[in-house]
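Below is one structure, written out as structure tokens, with a few remarks after it.
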Amino acid sequence: MIKGCKICGISDPDTLNFLINHPHPPTFIGFICNYPKSSRYVEYENLKKLLINNPKQSYYVAVLVKPNINILEKIKNLPFDYYQLYDCTPEEIKEIKEKYQKKIITAFTIKSKSDLSNYKLYSDYTDIYLFDSKGYEKSQSFDHDLIKNIKLNKELMIAGNIQYNEELKSFKNLANFIDLSGGVETSGLKDLSKIEFFLNKVNEIKNEA
């Protein structure tokens, strides 16, 4: 059952203000904190300025790829509710969760069924599972049928080049949250008209449930 969504890769104050003041704001708002390959990466000083804005009804998410101690110490006092972690072992996630007292979104990048072989190893330290493509900074899709029969004891978020105008009902029995970044962009920039459309569609489908 779809409960909400995440808009990821926010890097400018206008988009952030639009999101947090929207009548149907996203459940999560994500910021790329340590992955300069991404065009959506936000340097620390700019991140501090962005996060002055009160999210009101949304959770702030730090998106981190194999974070080292430097970035973790740098952002530890910023108002993030969740850390979304890529390419970390269960032991690394356990240590981060315990040390920084954050909720964890554990991201798995998927191309084939073998990429799902060890997701159960993370269940003790994960608050939400995210199944994404292997595109990282590129918007790529993966076959959602690969996760159709996965049984999780936690909530599930799904990403992977999902577009703002896709038929969301196809995800109703697959995930709790839908994660968009490139899918609400035009020419690499967040498009407020696409975000508006998407947030309203998510609200509709939540109310249908």
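At a threshold of 4.5 Å between side-chain heavy atoms, the hydrophobic network of Ile, Leu, Val, Met, Phe, Trp and Tyr places Tyr83 and Ile69 in one connected group. Linking Ile, Leu, Val, Met, Phe, Trp and Tyr whenever their side-chain heavy atoms come within less than 4.5 Å leaves Leu189 and Leu19 in two separate clusters.
Looking at every heavy atom in both residues, Gly9 comes nearest to Ile32 through CA-CG1, 4.1 Å. Minimum interatomic distance between Leu168 and Phe198 (heavy atoms only, all atoms of both residues): CD2-CE1, 4.1 Å. Scanning both residues, Cys33 and Phe80, for their nearest heavy atoms gives SG-CZ, 3.8 Å. Across every non-hydrogen atom of Ile150 and Leu146, the tightest pair is CG1-O, 4.2 Å. Closest approach of Tyr44 to Ile75, counting heavy atoms only: CD1-CG2, 4.4 Å. Considering every non-hydrogen atom in both Ser181 and Cys8, the closest pair reads OG-O, 3.0 Å.
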Steps toward side-chain contact (heavy atoms from CB on, under 4.5 Å) verdict (Phe18, Ile195):
CA-CA 9 Å; Phe18 181 82; Ile195 293 173; 3.8 Å; yes
Go through the steps for Tyr122 and Phe108 under the test ring pair (Phe, Tyr, Trp, His ring centres under 6.0 Å), then give the verdict.
CA-CA 10 Å; Tyr122 293 78; Phe108 290 85; 5.1 Å; yes
As a quick check of understanding, evaluate side-chain contact (heavy atoms from CB on, under 4.5 Å) for Lys201 and Glu166, giving each step before the final call.
CA-CA 10 Å; Lys201 287 296 291 182; Glu166 280 193 37; over 6 Å; no
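Here CD1 of Ile52 is found 10.5 Å from CG of Leu47. Values are rounded to the nearest 0.5 Å. Going from atom NZ of Lys74 over to atom NZ of Lys48 covers 9.5 Å, rounded to the nearest 0.5 Å. Between Ile96 atom CD1 and Leu64 atom CG the span is 7.5 Å, to the nearest 0.5 Å. Rounding to the nearest 0.5 angstrom, the gap separating the CD1 atom in Ile178 from the CD1 atom in Ile7 is 10.0 Å. A distance of 9.5 Å separates NZ of Lys94 from CG of Asp124, quoted to the nearest 0.5 Å. In this structure, the separation between CD1 on Ile158 and CZ on Phe131 is 9.0 Å, given to the nearest 0.5 Å.
Put simply, the side chain of Glu98 never gets that close to the backbone of Glu95: no donor and acceptor are under 3.5 Å apart. Within the 3.5 Å criterion, the main-chain N or O of Ser123 finds no donor-acceptor partner in the side chain of Thr126. Formation of a donor-acceptor pair under 3.5 Å by the Gln101 side chain with backbone atoms of Lys99 is not found in this model. Looking only at distances, no side-chain donor or acceptor of Lys3 sits under 3.5 Å from a matching main-chain atom of Lys206. In this structure, Asn118 contributes its side chain and Leu121 its backbone to no donor-acceptor pair below 3.5 Å. Counting only distance, with no hydrogens or angles, the side chain of Ser11 and the backbone of Val42 share no donor-acceptor pair below 3.5 Å. Checking side-chain atoms of Asn203 against main-chain N and O of Leu199 turns up no donor-acceptor pair under 3.5 Å. Within the 3.5 Å criterion, the main-chain N or O of Tyr119 finds a donor-acceptor partner in the side chain of Tyr129. Formation of a donor-acceptor pair under 3.5 Å by the Asn176 side chain with backbone atoms of Leu156 is found in this model.
A heavy-atom distance below 4.5 Å is not found between the side chains of Phe177 and Ile2. The side-chain heavy atoms of Ile147 and Ile110, taken from C-beta on, include a pair separated by under 4.5 Å. With contacts defined as side-chain heavy-atom distances shorter than 4.5 Å, the pair Phe31/Val61 does not qualify. Considering only heavy atoms from C-beta on, Leu192 comes within 4.5 Å of Thr15 through its side chain. Using a 4.5 Å cut-off on side-chain heavy atoms (C-beta onward), Val184 and Phe197 make no contact. A 4.5 Å side-chain heavy-atom check between Ser58 and Phe28 finds every atom pair outside the cut-off. Using a 4.5 Å heavy-atom cutoff, the side chains of Leu72 and Tyr100 are in contact. Within the 4.5 Å cutoff, the side chain of Leu16 has heavy atoms near those of the Leu50 side chain.
Checked for salt-bridge contact, Glu45 and Lys49 miss the test: no charged N lies under 4.0 Å from a carboxylate O. The pair Asp179-Lys6 meets the salt-bridge criterion, with a side-chain N (NZ, NE, NH1 or NH2) lying under 4.0 Å from an Asp/Glu carboxylate O.
In Lys103, the NZ atom is not crowded: 12 or fewer heavy atoms of neighbouring residues, nucleotides or ligands sit closer than 6.0 Å. Heavy atoms of other residues, nucleotides or ligands lying less than 6.0 angstrom from CD of Glu167 number more than 12. By the neighbour-count criterion of 12 heavy atoms within 6.0 Å, atom NZ of Lys169 is sparsely surrounded, having that number or fewer from other residues, nucleotides or ligands. Counting heavy-atom neighbours within 6.0 Å of Glu73 CD, excluding the residue itself, gives a total above 12. Counting heavy atoms of neighbouring residues, nucleotides and ligands inside a 6.0 Å radius, atom NZ of Lys194 exceeds 12 of them. Open room surrounds OH on Tyr59; 12 or fewer heavy atoms of other groups in view lie less than 6.0 Å from it. More than 12 non-hydrogen atoms from other residues, nucleotides or ligands lie less than 6.0 angstrom from CG of Asn153.
The side-chain contact (heavy atoms from CB on, under 4.5 Å) test with Lys66 singles out one residue from Ile71, Asp87, Leu85, and that residue is Asp87.
Using modelled atom types, one finds no donor on one side chain facing an acceptor on the other under 3.5 Å when comparing Glu204 with Asn200. In this structure, a donor-acceptor pair under 3.5 Å is present between the side chains of Tyr86 and Asp132. Donor-acceptor pairing under 3.5 Å is recorded for the side chains of Asn21 and Lys56.
Contacts of Lys190 classified as salt bridge (charged side-chain N to carboxylate O under 4.0 Å, His left out), with partners at least two apart in sequence or in another chain: Glu185.
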